[in-house]
Protein chains: 2
Amino acid sequence: MERRASRPRIADVARVAGVSKTAVSFAFNSPERLSLETADRIREVAESLGYRPHPVARMLTQRRTMALGVLTPQALSVIFSNPFFALFNEGIARAAEEHGYELHFISPIHGSLVTAIGRATVDGVVAIGVSAEHPEVGQVRGAGLPLVLVDSEDPPELGSVVVDDEGGARAAAAHLIELGHRDILVLAVEAPQAVGDASADAPLGPRAEAAVTVRRLRGYEQAFESAGLALDPAWVVAGRASIDGGAAAFQRAWAMDLRPTAVLAMGDAMALGAIRAARDLGLRVPNDLSVVGFDDIDLASHVDPALTTVHQPIRQKGFEAVRLLLAEVEQPASPVQHLRLETRLIVRGSTAPPHGRGEVPGTQQ
Amino acid sequence: MERRASRPRIADVARVAGVSKTAVSFAFNSPERLSLETADRIREVAESLGYRPHPVARMLTQRRTMALGVLTPQALSVIFSNPFFALFNEGIARAAEEHGYELHFISPIHGSLVTAIGRATVDGVVAIGVSAEHPEVGQVRGAGLPLVLVDSEDPPELGSVVVDDEGGARAAAAHLIELGHRDILVLAVEAPQAVGDASADAPLGPRAEAAVTVRRLRGYEQAFESAGLALDPAWVVAGRASIDGGAAAFQRAWAMDLRPTAVLAMGDAMALGAIRAARDLGLRVPNDLSVVGFDDIDLASHVDPALTTVHQPIRQKGFEAVRLLLAEVEQPASPVQHLRLETRLIVRGSTAPPHGRGEVPGTQQ
DNA sequence: CCGGTTTAGAAAACCGGTTTAGCCGCACAG
DNA sequence: CTGTGCGGCTAAACCGGTTTTCTAAACCGG
């Protein structure tokens, strides 16, 4: 058995078959330009040698990679441990495989997104958590790659997919107000401290994520105003967008002597954290404290009580982003498209009137 | 503003700077071979033109891609929605980014893993759910790529990372037996029906997953035998490895008039499904039914009651697989390595003595 | 039997870089 | 004054394919 036999090249096949490289290439790519007999013989030889065209060489000549990039300022390991991305990636993946494209994740390498982009061999990029002010956007466009933004519409000449964060937030706040709550704590997402260290090349995600935070906050405010109330900035506490972050933020608020009857969390993970912290303080949810999340991750419907939250179509967001991107990739002349998807409030078991006033829904699945 | 200006090539930089392509290349890769002055001037010109070496061309000459492949027989969208893979990918990602490698997911394209592998531009591959009998293994090796197997040791000449499935299963069964259970239902993972259709090129995952199933089943059996009992094949029911699959399997067993006091599920999702189904039948967990899972996914400790399960270090499995792979990639001479990681039983709230006999642990977090 | 069109395949250019071999001019040793 | 070594850079080969251009033989009608 042949050991360490380095991969056969097209020239090897040509030599063994007694033809030119051209003929071998034709045998695979345009067999009609060869006699049936020759084409068959070449393919047979190729098979026996275990020949496969080298994918990199192929990309170089064809100027396509048949791969799409998913650009995120977060580290890869974060992407995969985050339930939001799990859904988003699922949508992205479904669209990509439907069209026969592979997926490459473009995330900081040794802390640098710039080098990661420089290495990416893709035909187009979907970027999430990134907008105009990021130098990365310019770099991708400089490379001549189509780019579709998710959760940002900022450079308006780029394709984009966003959701109605404002409307969703408005509905969430209105729901609590309608139930009779007045002392409402808002848990905002704080900008994560970049990726590990403040590396030389990038003030990363913060601002783009901030945009989402701002939109949701605006939605909350609108609901307050519509009800003739005002959102006291002292009742807005920021924390990391995780279970622990939510718990910590709630505890901090409690320590500041805030005694809310309800919580508006900007993410389900934070909401779950708030519930945990509240329970540790002896509060019952929803009897003593109502909690509304945001995003509607899978877990939200599986906890007890099931979480009232604002649903946003995360899978679909990924799916559509790839769809728009592929339109640009496959017909470069086509106009960029903008898409805005709806959000909607899903009332489950974690909200009720304050202080046990009125009926208590309990666990209504 | 320059429109559609196609990406500058190295020749453009050379022309503008009045030097050869070689000099430009040196300016970036071996500046010491140029006078400081020339190197600076070239870099300046390159910068002003927005030049970036074309990554594909670079890969071709350097014969490295600085990317690793994650090979799975499952569709990409499955990978991202599965909590097991979420943890596995997290480990993989952490190791890859630590070493400055990108990650490419190699999953069936239009149902064919073979074409996906043919397109993959990577320096090495980690394969999960795949073993000797799969033609894909041969293809990867034929391409001259280092390959590390996860959850299989079958072609022994390949690097591998496995966990002690047998020992974990033994501990799980022993735990139930010790609590006094005798009527124990086993929920096995059934082979998923390939990817969509029975496409021409691949009898995919089934057999490799079956190997894990077999190992766990053997572990259960061993515990039974050690206690002088026997595992009745009629009490082994197969189902899909999901919450719904677990629920369905439990219901099927119930319909067959099996009345277990405990369940050994080969995955946490199945265990959760069994719990749901049992509750729907009016059973209380753990009072009327004890349930033990396998894997210890994140969710396991967050449900109520928290799930007693066999912990396997999934993140670590991914991390170590990449570590072994990189050793082969970076020093091709190095010997392949085999790693076996431990599993351990984690007793939480979903198990108790049968029929409320003895004390009831309740929710002990 | 001849000029023109097909057909089958080869030669060469190309994709966009890196790398090897080598050239040129200058300083320095003999 | 000549040979040698070296710094600084270039020409050309190369990576492994695809694609364009070109050629020789077969075919074809008149």
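Note on naming: letters A, B, ... go to the chains in the order of the sequence lines (proteins, then strands), and numbering restarts at 1 for each one. Hydrogens, waters and symmetry mates are skipped; everything else that's a heavy atom, side chains included, is used.
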Measuring from the side chain of A/Y51 (C-beta onward, heavy atoms only), which nucleotide among D/dG17, D/dT18, D/dC15 has the closest atom?
D/dG17
Counting only heavy atoms and a strict 4.0 angstrom limit, can you tell me which residues of residues 9-21 of chain A come near DNA chain D?
A/R9, A/I10, A/K21
Using a heavy-atom cut-off of 4.0 Å across all strands, would you classify A/T22 as base, sugar-phosphate, or nothing?
base
Tell me: CG of B/D40 to P of D/dG8, nearest whole Å?
13 Å
Distance, rounded to the nearest Å, where B/Q62 contributes CD and D/dG16 contributes C1'
15 Å
Do A/D123 and A/R63 meet the salt-bridge criterion of a basic N to acidic O distance under 4.0 Å?
no
Tell me whether the OP1 or OP2 atom of D/dC9 has a side-chain N or O from B/S35 closer than 4.0 Å.
yes
My understanding is that a pair needs two contacts under 3.5 Å, Watson-Crick or G-U wobble. By that rule, which nucleotide pairs with C/dG25?
D/dC6
Would you mind reading off the distance between B/L49 atom CG and C/dG17 atom C1', rounded to a whole angstrom?
16 Å
Atom-to-atom span, CD of B/E32 to P of C/dT19 - whole angstrom
12 Å
Pairs satisfying salt bridge (Lys or Arg N to Asp or Glu O under 4.0 Å), at least one member in residues 320-337 of chain B, at least two apart:
B/E320-B/R323
What is the pairing partner of D/dG30, taking Watson-Crick or G-U wobble pairs with both distances under 3.5 Å in any strand?
C/dC1
Residues A/E90 and A/R94 bridged, charged N to O under 4.0 Å:
yes
Between P of C/dG17 and CE of A/M59, the distance in whole Å:
16 Å
Would you find more than 12 non-hydrogen atoms of other residues, nucleotides or ligands less than 6.0 Å from B/E157 atom CD?
yes
Take the angle between the ring planes of B/F80 and B/F105 and call it parallel below 30°, perpendicular above 60°, tilted in between.
perpendicular
What's the CG-C1' distance between A/L36 and C/dA8, to the nearest Å?
13 Å
For the pair made of CZ in A/F26 and C1' in D/dT19, what is the distance, rounded to whole Å?
7 Å
In whole angstroms, the gap separating P of C/dA10 from CD1 of A/I42 amounts to 8 Å
Among the nucleotides C/dT20, C/dG16, D/dG16, whichever has the atom closest to the side chain of B/R63 is D/dG16
Quick one: does B/F88's side chain get under 4.5 Å of B/I79's, heavy atoms only?
no
Within-4.5 Å side-chain heavy-atom neighbours: A/L149 and A/V161:
no
Comparing B/R33 with B/A57, nearest DNA chain D nucleotide closer to 5' gives the residue B/R33
Under 4.0 Å from OP1 or OP2 of C/dT18: is there any side-chain N or O of B/S25 that close?
yes
Look at all strands and tell whether B/L34 reaches a base, only sugar-phosphate, or nothing, counting heavy atoms closer than 4.0 Å.
sugar-phosphate
